[in-house]
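The structure under discussion appears below in the form of structure tokens.
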There are 2 protein chains.
Amino acid sequence: MAQTSEPGASVTARVLRVLEAFRVERQRMTLSEIAYWAGLPLSTAHRLVGELVKWGALERDGDERYHVGLRLWEIAALSPRSAGLREVALPYLEDLYEATHENVQLAVLDGIEAVYVERLCGRGAVNAISRVGGRLPLHATGVGLVLLAYSDHEFQEQVLAAPLRRFGPKTITSPRHLRRVLAVVRQERVAVSDRQIEMETLSVAAPVFGPSDRVVAALSIVISARCSPSAYIPAVRTAARSVSRALCG
Amino acid sequence: MAQTSEPGASVTARVLRVLEAFRVERQRMTLSEIAYWAGLPLSTAHRLVGELVKWGALERDGDERYHVGLRLWEIAALSPRSAGLREVALPYLEDLYEATHENVQLAVLDGIEAVYVERLCGRGAVNAISRVGGRLPLHATGVGLVLLAYSDHEFQEQVLAAPLRRFGPKTITSPRHLRRVLAVVRQERVAVSDRQIEMETLSVAAPVFGPSDRVVAALSIVISARCSPSAYIPAVRTAARSVSRALCG
DNA sequence: CTCCACTCTTCCATTGAATGGAAGGAGGAC
DNA sequence: GTCCTCCTTCCATTCAATGGAAGAGTGGAG
């Protein structure tokens, strides 16, 4: 073994960094690109990528580029917090989608962000910026507000103590304002996020409770900002309750 | 480093074996179980699992059991052949679901099996045995017949040369019979798989073509065996064509 | 309380798997 | 042909990985 480029870095960590190099803006990459983004020497990357391809975690296409492979996705489809949750929730999401034909989404809390685990949208609805597998900040989205409002007090204080990123003129950036919003969310059991990220859309979100009576997800609808959110609140609440019931078996 | 339990086995391969230990029937496991299924000594498993948890590929719950983590799923959501395909196809799958309220599925070919990448089903439809992220043999499912019929000749011969597993009295197990079915699929551009796995269901499937005019997926509907497949053929074909069009930009 | 069973966690001397610069190969453009 | 870019291969060296064994922790039974 020659000198390592990075003393202390384990193989496992390096492999995970290879996977982590893939982003929505970098879905297909050459070996050199992977090595660059993973911070690994080319030879090392070549070896690790080779093994990942052999197993199916990465796949290689005709242009000698690599993309995430089906095999990894198969394993990941066992994740209870994403694919598992989605499976239980899907009928109710579909019902809501069918009733409204708007963007219907389901998200969970991870770290200090909301991770979107499902999104049903047809071709007519406004184009919400969320993406299945993507993340958005808690304070600026309907689902995020719900997840935050129902998280433990310490966590809320932590989020409130950090800077609240601004996306546009309507983004909540004051902790004081966010506190008030969170209190309303808890009272109303619904969150409305009005044009916080995009001026054309607003979202209505409600909490999904799990078996221990803790909020495990948030369900939302994204509609045009020209619509009235109150028209959607009962449907969103209903769908979220149905998912909650299904989760508590 | 002490003597390895398995000379020649790389760390990467071992890590991947840890991930591979997770199955639909083993979604939550103790460390000992993971070690057992991955064929690793307890200490080794403990170390590798620890790193995977740190990164988020595995998560640990209150009962000291591990499950697949959200972070792995996030990366996997970048897989063009599953999540990516699903994203493009979803509006059309939804349309078909809404029109029929039956089980709607999308599958791709991997190895010698069909892998289900999407499945929309409500609470009323028959309970198809497929699972998102799951696999089924090509000869016994609608999507599988389509994927097989449109695969290259060599591959077809390979599948036809191997034993065709029987699921029930109606399963196609004769290569001769399968050959005839495949020819009909190619002619009709639709496959009907009638009670091949379960006596209560049949599926109607059509090919989804990609940019190079090759079949990249199969779209199907699963209905009660008491229904007439011909009533669904036009809708399934239409939906598959729409997805094909969307994939070819 | 003690004892037992089970599972997990920690340790560390040893070694075997990993390393990455350098050379060579492949393909494309001029 | 040369030049450039990216990938692939090689191997002496080293450092990260190893796993049995001991210890720790937990829960249940008596």
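So you know, we letter chains A, B, ... as the sequences are listed, proteins then strands, and number each from 1.
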For [N], does either OP1 or OP2 sit under 4.0 Å from a side-chain N or O belonging to [X]?
X	N	value
B:S32	C:dC6	no
B:T44	D:dG19	yes
B:R47	D:dG19	no
A:Q3	C:dG21	no
B:T4	D:dG19	yes
B:H46	C:dT9	yes
A:S5	C:dG20	yes
A:R14	C:dT19	yes

Q.
Which is more 5' along DNA chain D, the nucleotide nearest B:E51 or the one nearest A:R60? Just name the residue.
A. A:R60
(Q) Quick check on DNA chain D: between A:G8 and A:T30, whose nearest nucleotide comes earlier from the 5' end? (A) A:T30
Measure from [atom1] on [X] to [atom2] on [N] and round the result to the nearest Å.
X	N	atom1	atom2	result
B:L31	C:dC6	CG	P	17 Å
A:R17	C:dT19	CZ	C1'	14 Å
B:E64	D:dG27	CD	P	8 Å
B:L40	C:dC8	CG	P	14 Å
B:E6	D:dT18	CD	P	10 Å

**Q.** Modelled atom types, side-chain donor and acceptor of A:H67 and A:E59, under 3.5 Å
**A.** yes
Q.
Under a 3.5 Å threshold, yes or no: a donor from one side chain and an acceptor from the other, between B:T30 and B:E64?
A. no
Q: May I have the step-by-step check of side chain to side chain contact (heavy atoms under 4.5 Å, CB included) for B:V104 and B:R119, ending in yes or no?
A: CA-CA 6 Å; B:V104 175; B:R119 179 179 180 243; over 6 Å; no
**Q.** Candidate nucleotides D:dT8, C:dA22, D:dG19, ranked by approach to the side chain of B:P41 - the nearest
**A.** D:dG19
Q: Could you check A:L109 against A:V216 for side chain to side chain contact (heavy atoms under 4.5 Å, CB included), going step by step and ending with a plain yes or no?
A: CA-CA 8 Å; A:L109 177 64; A:V216 295; over 6 Å; no
(Q) Given the ring of B:W55, does B:R71 sit roughly above its face, with NZ or CZ under 6.0 Å from the centre of the six-membered ring and within 45° of the axis? (A) yes
Q | Touch class at under 4.0 angstrom, heavy-atom based, for A:L42 against every strand present | A | base
